[in-house]
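Here is the structure we will look at.
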Amino acid sequence: MYIFDSVKKTKYKFESLVEGKVSLYVCGPTVYDDAHLGHAKSALVFDLLRRVLEAKGYEVLFARNITDIDDKIINKARDTGLSTAQIAEQFTAAYHRDMTAIGVRPPTLEPKATESIDAMSDMIQKLLDKNHAYRISNGDIYFDTASDKNYLSLSNRQSSENVSRVEKVSEKRHEADFALWKAVNDGSVSFDSPFGPGRPGWHLECSAMIERYVSSGEGKYAIDIHGGGADLLFPHHENEAAQTRCATNHELAAYWMHNGFVTIGGEKMSKSLGNSFFLKDALKAYNGEVLRFYLLSTHYRGDFNFNEEDLIASKRRLDRLYRLKKRLFGLSAAPIETEFKKTLLDALGDDLNVSKAYALIDELIASANDALDRDPKDKAYRQVLLSSLATIEEVMGFGSQNPYAYFQFGLDEATKERIDTLVIQRTEAKKIKDFAASDAIRDELAAMGIAIMDTPSGTFWEIRD
RNA sequence: GGCGGCAUAGCCAAGUGGUAAGGCAUGGGCCUGCAAAGCCCUGAUCCCCGGUUCGAAUCCGGGUGCCGCCUCCA
């Protein structure tokens, strides 16, 4: 397994801290709104990484947090008249629903910020004890960036001179110092702590939860891999790393991985730009697996420019996998180790070279169709093929749906029945060689967006894009 | 201004020294009553200039263009 470390900017052979085990932590969502395609991309990338590591035999501890307390959640609660807990609960459920739809498996651990306040208090206390943090008169506690000689080493910034746009607080020792704890005295949402009522700083959450739930203890690093979107490298991950480094005797992560952005028209998709494309809306028009296939189709480190034409091209590519599945429908075989699995994992093991993996899948499909044309009854071949397809489902996370249902995405039962009836009528017409009638029915179906295909085992139909 | 990324056929996109994977679209063939599906065939010398090398899309230097981080952000 090779991984590109986005801090050292080099691809390295991956060696886990503990033989046979991997700890992976990814920054999860702040649950104040629905997930957009950028959230989906990030979740998909690390879901794929986790699947690949597992397929390679590692036992993976995969943690992804839920930030369920934050100014944005408070604002949303105020705007809607709901409580922050209700907002957080609502959008956590929405997040889970959307992630499930695109085949992102639930993480091993999903710690919530509000349930980890004591872990954060512990870390703040350690930082205070070691003089890496200080308290100002209103009760806020700040991290002293100047006290960490390695601060800015993660994001490769020379000095904090350019880090001047953080909020101005006169009592801060340095402009770059960031809040660990915000004291609350006005009765708004707060949590009890040894430092009085208040709320934790965002950067602190991840460090504290990693230390509490994931860290293996006293090695050189707390965890193997820390992941997230490229926009988190600075300041979020820089600050996380500083907190962990100063509060404990270890660095935060042995490897850092950052995924590129989803862009629209070449510009980063973000809430602040107002060009967000919500996953739940995309899911109304497209099968979740199609979105998974599409969003994973290019290398994770590059930016991903979303557009519907490419999405349709991806859908057509995935369609081919499902047509092959139709040809094998109902067949099963005991899984065996295949050469395909080895080459697929080799491709993905090279810093998740998905393009290469997709090419292997395309080639598998073409050769399988060819082989099935020549000899549909070759049992040994079918066993190998079924095993290869099972590998695709397990590692890539797509291809697991019923192939007939896949091609009926979005149709209601009445429409399906209507189509089935027409197909039967057409078959009857064909039987008596009334081609004018059968072609007329085919045209009628085409007008409904339905394509039909005659095969040796019967006539099948598909919805067209 | 500081730091970083990207530029490969109509489109998407692999490929870090030896003469360009894969997909979508296009055109052709086989198959088909005709189609669809499927299979096969079909296209680029890799942004520009210079350099290193027997040899570079791949390394170095200089340009041009686009994007991102530096503020919450996947």
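Small disclaimer: the values here were computed from a predicted structure and weren't measured. Per chain, numbering begins at 1; letters A, B, ... match sequence-line order.
Here G22(B) is the nucleotide among G22(B), C34(B), C67(B) with the atom lying nearest to any side-chain atom of Asp362(A). Comparing A35(B), C72(B), G68(B) against the side chain of Phe261(A) picks out G68(B) as the nearest. Comparing atom distances between the Ala359(A) side chain and each of C12(B), A21(B), C72(B) picks out A21(B) as nearest. When distances run from any side-chain atom of Lys356(A) to the nucleotides A14(B), C39(B), A37(B), the shortest one goes to A14(B). When distances are taken from the side chain of Ala366(A) to each of A35(B), C39(B), G22(B), the shortest belongs to C39(B). Nearest to the side-chain atoms of Ser438(A) among the listed nucleotides G33(B), G23(B), A74(B) stands G33(B). Listed candidates were C12(B), G33(B), G23(B). Nearest to the side chain of Thr298(A) is C12(B). Distances from the side chain of Asp310(A) to the nucleotides C12(B), A36(B), G38(B) place C12(B) closest. Counting only heavy atoms from C-beta on, Asn369(A) has its side chain closest to C39(B) among C39(B), A14(B), C34(B). Taking only side-chain atoms of Arg320(A), from C-beta outward, the nucleotide of A74(B), C40(B), G38(B) with the closest atom is G38(B).
In Lys356(A), the NZ atom is not crowded: 12 or fewer heavy atoms of neighbouring residues, nucleotides or ligands sit closer than 6.0 Å.
Nucleotide G38(B) has C30(B) as its partner under the Watson-Crick or G-U criteria, with both atom distances under 3.5 Å. In a base pair of the Watson-Crick type (N1 to N3 plus N6-O4 or O6-N4) or a G-U wobble (N1-O2 and O6-N3), with each distance short of 3.5 Å, C66(B) is matched with G5(B). If you check C72(B) for Watson-Crick or wobble pairing at under 3.5 angstrom, you find it has no partner at all. The nucleotide U53(B) finds no pairing partner, because no Watson-Crick or G-U wobble arrangement with both distances shorter than 3.5 Å includes it. The partner of G10(B) is C24(B), by the rule that a Watson-Crick or G-U pair needs both atom distances under 3.5 Å.
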Q. Could you walk me through whether Glu289(A) and Ser400(A) pass the side-chain hydrogen bond (donor to acceptor under 3.5 Å, both in side chains) check?
A. CA-CA 9 Å; Glu289(A) 279 199 4; Ser400(A) 54; 3.2 Å; yes
For this session: Kindly indicate, with the supporting measurements, whether the criterion side-chain contact (heavy atoms from CB on, under 4.5 Å) is fulfilled by Ile69(A) and Phe191(A).
Result: CA-CA 10 Å; Ile69(A) 185 63; Phe191(A) 300 85; 3.6 Å; yes
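Contact of Arg323(A) with A37(B) (side chain to base): no donor-acceptor pair of N or O atoms is detected under 3.5 Å.
Regarding Glu444(A), its CD atom lies at a distance of 17 Å from the C1' atom of A36(B), rounded to whole Å. What separates CG of Leu318(A) from C1' of C24(B) is a distance of 14 Å, to the nearest Å. For the pair Asn239(A) CG and U71(B) C1', the computed distance is 13 Å after rounding to whole Å. Spacing between atom CD of Glu309(A) and atom C1' of A13(B) amounts to 16 Å, rounded to whole angstrom units. Atom-to-atom, CZ of Arg64(A) to C1' of A74(B) comes out at 11 Å; the value is rounded to the nearest Å. When rounded to the nearest whole Å, the span between CG of Asp434(A) and C1' of G33(B) equals 12 Å. Atom CG of Asp231(A) is separated from atom C1' of C67(B) by 14 Å (rounded to the nearest Å). Regarding Arg464(A), its CZ atom lies at a distance of 13 Å from the P atom of C24(B), rounded to whole Å.
Heavy-atom distances to RNA chain B give each of His236(A) and Asp370(A) a nearest nucleotide, and the one nearer the 5′ end belongs to Asp370(A). Take the nearest nucleotide of RNA chain B for Tyr358(A) and for Gly229(A): the residue whose nucleotide is more 5' is Tyr358(A).
As rounded to the nearest Å, G18(B) and C60(B) have P atoms that lie 16 Å from one another. Distance noted for atom C1' between A56(B) and U45(B): 11 Å (whole Å). Atom name P, nucleotides C66(B) and G43(B): the rounded distance is 34 Å, in whole Å. Rounded to a whole angstrom, the distance from the P atom of C49(B) to that of A35(B) is 48 Å. Comparing the C1' positions of U16(B) and C6(B) gives a spacing of 16 Å, expressed to the nearest Å. Of the C1' atoms belonging to U32(B) and G22(B), the separation is 29 Å, rounded to the nearest Å. Taking the C1' atoms as reference points, A7(B) lies 15 Å from A44(B), given to the whole Å. Nucleotides C46(B) and U8(B) have their P atoms positioned 11 Å apart, rounded to a whole Å.
If you check every strand for non-hydrogen atoms under 4.0 Å, Lys72(A) touches a base. Among the protein residues, His36(A) comes within range of the nucleic acid bases, having at least one heavy atom under 4.0 Å from a base atom. At the heavy-atom level, Glu363(A) lies under 4.0 Å from the strands shown only through sugar-phosphate atoms. The residue Val262(A) sits close to a base: some heavy atom pair falls under 4.0 Å.
The heavy-atom pair separating Tyr142(A) from Lys172(A) by the smallest distance is CE2-CD, 3.5 Å.
Paired with Tyr406(A) under the rule ring pair (Phe, Tyr, Trp, His ring centres under 6.0 Å), one option of Phe329(A), Phe460(A), Tyr286(A), Tyr322(A) passes, and it is Tyr322(A). Of the residues listed (Asp454(A), Asp443(A), Asp434(A), Asp420(A)), the one engaging Arg426(A) in a salt bridge (Lys or Arg N to Asp or Glu O under 4.0 Å) is Asp454(A), and it is the only one.
Not one side-chain nitrogen or oxygen of Arg442(A) sits closer than 4.0 Å to the OP1 or OP2 atom of C34(B). The phosphate of G4(B) has OP1 or OP2 within less than 4.0 Å of a side-chain N or O from Asn156(A). Phosphate contact (OP1/OP2 of A14(B), side-chain N/O of Asn353(A), threshold under 4.0 Å): absent. Contact annotation: Lys268(A) reaches the phosphate of C69(B) (side-chain N/O to OP1 or OP2, under 4.0 Å). Between Arg316(A) and the phosphate of A25(B), there is a side-chain N or O to OP1/OP2 separation shorter than 4.0 Å.
Residues of residues 371-385 of chain A having a heavy atom closer than 4.0 Å to RNA chain B, listed by number: Asp373(A).
A ring-centre distance under 6.0 Å is not found for Phe46(A) and Phe62(A).
With no hydrogens or angles considered, no side-chain donor-acceptor pair links Asn353(A) and Ser355(A) at under 3.5 Å. Residues Asn150(A) and Glu251(A) bring no donor and acceptor atom of their side chains to less than 3.5 Å of each other.
Looking only at distances, no side-chain donor or acceptor of Asp303(A) sits under 3.5 Å from a matching main-chain atom of Gly260(A). Using a distance-only test at 3.5 Å, with no hydrogens or angles considered, a donor-acceptor pair links the side chain of Lys41(A) to the main chain of Leu295(A).
Aromatic stacking of Phe435(A) on G33(B): satisfied, with centres closer than 5.5 Å and planes within an angle under 30 degrees.
Counting heavy atoms from C-beta on, the side chains of Arg317(A) and Tyr294(A) never come closer than 4.5 Å.
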